[in-house]
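Written below as C-alpha cells is the structure these notes are about.
Position 1 is the first residue of the sequence; numbering continues from there. Side chains included, hydrogens not; waters and symmetry mates left out as well; all remaining heavy atoms used.
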Amino acid sequence: MRVLVTGGAGFIGSQIVTALAARGHDPVVLDALLPAAHPSPPRLPEAECVIGDVRDPDVATRALRGVDAVCHQAAMVGLGTDFGDAPDYVGCNDLGTAVLLAAMAGAGVGDLVLAGSMVVYGEGRYDCARHGRVRPGPRAAADLAAGRFEPRCPECGAELTPGLVGEDAACDPRNVYATTKLAQEHLAAAWARSTGGRAVSLRYHNVYGPGMPRDTPYAGVASFFRSALELGEAPRVFEDGRQRRDFVHVRDIAEANAIALEAVHGREPGELSAYNAGSGTPHTVGEMAAALAEARGGPAPVVTGEFRLGDVRHITADSRRLMTEFGWKPRITFGEGMAAFATSGMRGARS
C-alpha cells in the first residue's frame, strides 16, 4: 500500500514512516519543514519526499499521485503562548486539513487516518459519590492561584474521583489547539459522508520519545523536563505535580497508525471512527519528572505551584476499543520508555 504521511519528517510522522516501511508498505512523505517545527534541518526519512505545505492545493494534489491512503500528521501542536497564536493554529491545522481532504476527494483517495488528540475531551472522566458521573467546568484562575487545583462537583462542590475517559465522552475543548483538533475530526467526518470515504481518528494521549521537539513553547512537558536535566537544573513541575496523564511512547503510536491504516479500508464507508491511543496506565506529571530525574541522575524535581490557564487537571485514556478492534497493544512500559528517553539524544523536529 502506498501511503502519504503528512508531517512525515516530524516527531511522530517520521516514526510512522519507519513503521509502515517495516510492514512492507510504500510511504511517501509530505512536509513543509517549517522553522517553527524544525529549527534545524532534520534528517529526512528514507522514503520518497515531497517538500511543500499541505495548505497549497497544488502541493497536496502532487503528493497524492498514486497514493492509496493518507496518514495526516501535519499540525501545529501544544498549548502555545497566548491567544495570538489562534490564526496560526487554525491555518495549520484546520485549513491544512480542509485543503488535504479536498485534494483527496479530487484524486479519489478514500482512506484516512487522522492524528487526533485527547485534548478534545477537555477535562477527563470524573465521578461524584453523590451525583455519579459529572463534568466540571473550566477551573477558575482564582482557585488555581490559591492552590485549589482539583475540580469539584458542579452540583455539590464535593471532591471528585478521576477515571479513564472513553470515546463516548462528550467533547469540550478548553483551548485553541484543542478546538482545532476537534474541528479536524468534524472536517474528516464531513469528507467521509460527502465522498464515501473511510476515516479513523487516533486520539493520542501524551506522546513522548526519541525525536521529541525541544526548547519551544509548543513542545511537550517531558521535553521541558529533559532539557532542564541536561542543563543540570531541576525540572519545574506546575501545580502540585499530581495531574494525571497517560504517557505513551512514540513507537507504540507509530505502530497504532500502521495498524489503523491497514484496517481503515474495512471500516464502514461514509463514517469517521475515533479511538483513544494511550498506554492505559495513568501516571502523574510529578511521577514522570521524578522518573526522568532518577534515570539521568539529575536534580530532583521542584513543585512550583505555577499554572497555565487552559490546562486540564486529569485526562487519562481508556484505550480498550483500539486494542480490541485492531489488535494493537502498547509494548513500551512507562519505566522503560522514560529511562531511555532521559538518557538518549533528542532531535528538534516535529510537524
Side-chain angles (χ1 to χ4, degrees), residues 1-8 12-13 16-17 19-20 23 25 27-28 30 54-55 57 60-61 63-64 67-75 77 90 92-121 166-171 173 178-205 207 253-278 317 319 321-328 351:
M1 182 166 59
R2 184 172 169 87
V3 181
L4 176 64
V5 183
T6 70
I12 298 175
I16 293 171
V17 170
L20 287 170
R23 296 172 75 94
H25 299 295
V28 179
L30 171 59
V54 71
R55 292 171 289 185
T61 298
L64 285 166
V67 162
D68 302 301
V70 173
C71 184
H72 184 32
Q73 303 295 311
V77 301
V90 172
C92 287
N93 299 356
D94 298 337
L95 176 60
T97 299
V99 171
L100 174 67
L101 292 171
M104 289 174 64
V109 179
D111 291 341
L112 170 71
V113 173
L114 173 69
S117 176
M118 55 81 180
V119 295
V120 300
Y121 297 116
E167 292 90 350
D168 59 348
C171 292
T179 302
T180 65
K181 295 307 289 183
L182 183 56
Q184 284 184 297
E185 288 194 359
H186 288 316
L187 286 165
W191 162 83
R193 286 192 296 269
S194 174
T195 66
R198 292 161 292 270
V200 166
S201 177
L202 297 180
R203 291 174 174 171
Y204 302 161
H205 282 248
V207 185
I253 288 294
E255 190 74 8
N257 274 272
I259 291 171
L261 280 160
E262 292 168 351
V264 68
H265 194 71
R267 301 282 94 185
E268 189 71 22
E271 292 187 0
L272 177 141
S273 301
Y275 295 83
N276 286 333
S319 298
R321 183 183 179 196
L322 180 60
M323 297 177 190
T324 300
E325 292 190 19
F326 289 175
W328 171 76
S351 288

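Nearest heavy-atom pair, N276 versus A317, reported as atom, atom and distance to 0.1 Å: CB-CB, 4.1 Å. Here the shortest heavy-atom pairing between A74 and Q184 reads O-NE2, 4.4 Å. When all heavy atoms of W328 and G278 are compared, the pair lying nearest together is CH2-O, 3.4 Å. When all heavy atoms of L112 and M104 are compared, the closest pair comes out as CB-CE, 4.1 Å. The minimum heavy-atom distance linking A63 with V28 is given by the pair O-CG1, 4.4 Å. Shown here for V99 and A60, the closest heavy-atom pair between the two residues is CG1-CB, 4.4 Å.
At least one side-chain heavy atom of R23 sits under 4.5 Å from a side-chain heavy atom of I259. Annotation: side chain of Y204 is in contact with side chain of N257 (closest heavy-atom distance under 4.5 Å). You'll find the side chain of S273 stays beyond 4.5 Å of the side chain of E325, heavy atoms only.
Exactly one residue among R267, R198, R2 makes a salt bridge (Lys or Arg N to Asp or Glu O under 4.0 Å) with D111. That residue is R198.
Atom-to-atom distance recorded for F326:CZ and Y275:OH is 4.0 Å, nearest 0.5 angstrom. One finds the CG atom of L101 at 7.0 Å from the NE2 atom of H72 (value rounded to the nearest 0.5 Å). In this structure, K181 NZ and S201 OG are separated by 7.5 Å, a value rounded to the nearest 0.5 Å. Atom CG of L202 sits about 8.0 Å away from atom CD of Q73, to the nearest 0.5 Å. Taken from OG in S319 to CE in M118, the straight-line distance is 11.5 Å, to the nearest 0.5 Å. The distance from the SG atom of C171 to the CZ atom of R203 is 4.5 Å, given to the nearest 0.5 Å.
S194 places no side-chain N or O within 3.5 Å of a backbone atom of A190 that could act as its donor or acceptor partner.
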